[in-house]
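Here is the structure we will look at, set down as structure tokens.
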Amino acid sequence: MTGEAEVPQIRSVTEEELAAQRAVMARLAAENAARPARPLAWVDTYGCQQNEADSERIRGMLREMGYGFTGSEAEADLIVVNTCAVRGHAELRALGNVGALSHTKRAKPEQRIVLCGCMVQQEHMREKIRKSFPYVDLVFGTNELWRFPELLERMLRPHRGRIFEARDIDGERYEGLPVLRAEGVRAWLPIMSGCNNFCSYCVVPYVRGRERSRRPEDILAEARQLIGDGYKEIFLLGQNVNSYGRDLDGGEDFAWLLKEINAMEGEFFIRFMTSHPKDATERLFDTMAACEKVERHIHLPFQSGNDRVLRAMNRGYTGEIYRKKVAYARSLMPDVALTSDVIVGFPGETDGEFEDTVRLVEDLRFDMLFTFLYSPRVGTPAASLPDPFTKEEKQTRFDQLLQVQNRISLELQAAHVGNVYRILIDGEGDRPGQLTARSSHNRLIHLEGSPALVGTFRDAAITGSNSYSLSAELRDKEGD
Ligand code: SAH
Ligand code: SF4
């Protein structure tokens, strides 16, 4: 694992190296085309949107290599499980599902199983797979994504051993992997990878490497392409989008990027995730307010309302600084939706310190709150702190916070009733005739209408609410 103090060593993958991967893809595509039936792959994804975006690249490469896709693990010739390491729960779920694959592989011995992503970037997890999951054929870490074709080809050779590849490096830059996006109106657009913040509880900097921004021209070209392809929601992704560009020479920052994409022609939403409060500047909020396509929503994880705990978390702000930033954002955009993440039960967090978190939640009234029980992560500083509080005590606090937030969510949701919003209809609901949509505040909305409306913007009046969704009626029922 790489330390915080060192100067990051970021290398660009060369054109020759990428060409070699393309040659492998062409070779495998020719082999697969000569088979009686196209081989089928199943790609299963855990964790955050960054992982979803990586899986879209894995699918893109697989498609280029002549694979078709299936939603059934029993039918698949190749299973790729893209894992998450952010909390123990995500790891246990992935391991449980990989465990179940021993049965599918027994029924179909020629099936090949691949594990990749953050969980297996960790040495101790690779050891566990080596020992306890002998039927897993290939394991590769987050740094090897662009080498997937080469690794897959090696894996498919007869009599090859099991393959484990996970270089412990700061990170590499590369462009141009094929992407097969999920169907729908939303496109994930990664603008950077890695993280330099080293929050003391978090494994991300260790498994995703140092922060590196994609070049602005590559991002803008991709955004233009996506809009041209008809996507209606461009979702910019990074662990800390507010530090976009710091590692580049050009002086472009995240606010600049928002402005550039906002200026592109067409009606679409621009969303982004995640903003670290320490780097959420007035310039960011000013830009949001000035850009009509940028959502009126900011996800700004505060993690704790107590200053000692925030310091121990290495977050780089106090409760007061956080409150001031929120006040500034709301002064510019009174209707801005605010969502956040919070960790309950950080090692040594006392009842009184937890009460500061509850107070902050009561005061700031988040539209939605993602509440997590602290989960110790191997190799992180917080994992070695004394932690005198029991699981039950932490669970009690967790339940208390949920109750507080549920009440606030219900109240805030009800306040939307009667308003008219420009909404993006993004899919069909569970019932026939039901559609789902999002407002610029990222509220989930249900409404009645024809499936032909999916992918369009409409004006809708909010008619009802519950704690997690709104119902609405179209204003312009007859269409355009
Ligand atoms: N880069 C983003 C968050 C990535 S992880 C940010 O800084 O906001 C998403 C969320 O998972 C975090 O905001 C945090 O609330 C939670 N999380 C991360 N590590 C955790 C851990 N060890 N235990 C519990 N929750 C954790
Ligand atoms: Fe983890 Fe902190 Fe980086 Fe977010 S900013 S990914 S919480 S280290």
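Along the sequence shown, residues are numbered consecutively beginning with 1. Just follow the structure's listing: the first ligand is 1, and inside any ligand the first atom is 1. Remember, it's a predicted structure, so these values are computed and weren't measured experimentally. No hydrogens, no waters, no symmetry mates; every other heavy atom, side chains included, goes into these values.
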Polar proximity ligand 1 side, [X] side, N/O cut 3.5 Å exclusive:
X    : value
Q303 : yes
H276 : no
N240 : no
Y201 : yes
S375 : yes
S275 : no

Below 4.5 Å, heavy atoms only, C-beta onward: do L258 and L236 meet side chain to side chain?
yes
Residue pair V342 / P301, side-chain heavy-atom distance below 4.5 Å
no
Please confirm whether the backbone N or O of [Y] pairs with a side-chain atom of [X], one donor and one acceptor, at under 3.5 Å?
X    : Y    : value
E172 : I10  : no
Q21  : E150 : yes
T142 : G117 : no

Give me the nearest non-hydrogen protein atom to [atom] as residue plus atom name, then the distance to 0.1 Å.
atom                    : value
atom 10 (C) of ligand 1 : D341 OD2, 3.4 Å
atom 6 (C) of ligand 1  : T274 CG2, 3.7 Å
atom 4 (C) of ligand 1  : Q239 OE1, 3.4 Å
atom 16 (C) of ligand 1 : R87 NH1, 3.2 Å

Min heavy-atom dist [X] to ligand 1 below 4.0 Å:
X    : answer
L373 : yes
R315 : yes
I343 : yes

May I ask you to check if R147 and F140 form a cation-pi contact, with NZ or CZ under 6.0 angstrom from the six-membered ring centre and within 45° of the axis?
no
With a distance cut-off below 6.0 Å to the six-membered ring centre and an angular limit of 45° from the axis, does R271 pair with F269 as a cation-pi contact?
yes
If I take atom NZ from residue K394 and atom CG from residue D399, how far apart are they, to the nearest 0.5 angstrom?
14.0 Å
For the CG atom of D367 and the NE2 atom of H416, what is their distance to the nearest 0.5 Å?
5.5 Å
Residue that, paired with E353, satisfies salt bridge (charged side-chain N to carboxylate O under 4.0 Å, His left out) out of R397, R359, R308:
R308
Run R438 and E233 through salt bridge (charged side-chain N to carboxylate O under 4.0 Å, His left out) and show every step you take.
CA-CA 10 Å; R438 296 267 165 183; E233 191 177 306; over 6 Å; no
At a 4.0 Å threshold, what atoms of ligand 1 neighbour a non-hydrogen atom of [X]?
X    : value
V86  : 5 (S), 18 (C), 19 (N), 20 (C), 21 (C), 22 (N)
R377 : 22 (N)
Y374 : 23 (N), 24 (C)

Please tell me whether E91 and T83 have a donor and an acceptor in their side chains that are separated by less than 3.5 angstrom.
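Short answer, no.
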Non-hydrogen atoms of M119 and L95 that approach each other most closely:
CE-CD2, 3.6 Å
Indicate the atoms forming the closest heavy-atom contact of V336 with I298, along with that distance.
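Minimum heavy-atom separation between V336 and I298: CG2-N, 4.3 Å.
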Which atoms of ligand 2 sit under 4.0 Å from any heavy atom of H276?
5 (S)
Distance under 4.0 Å to a non-hydrogen atom of R315: what atoms of ligand 2 satisfy this?
2 (Fe), 7 (S)
In terms of ring plane angle, is the pair Y201 and F346 parallel, tilted or perpendicular, where the classes change at 30° and 60°?
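Because their plane-to-plane angle is over 60°, the rings of Y201 and F346 count as perpendicular.
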Listing by chain and number, what protein N/O/S atoms are under 2.8 Å from atom 1 (Fe) of ligand 2?
C202 SG
Check if Q303 has a non-hydrogen atom at a distance under 4.0 Å from any atom of ligand 2.
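No, Q303 has no heavy atoms under 4.0 Å from ligand 2.
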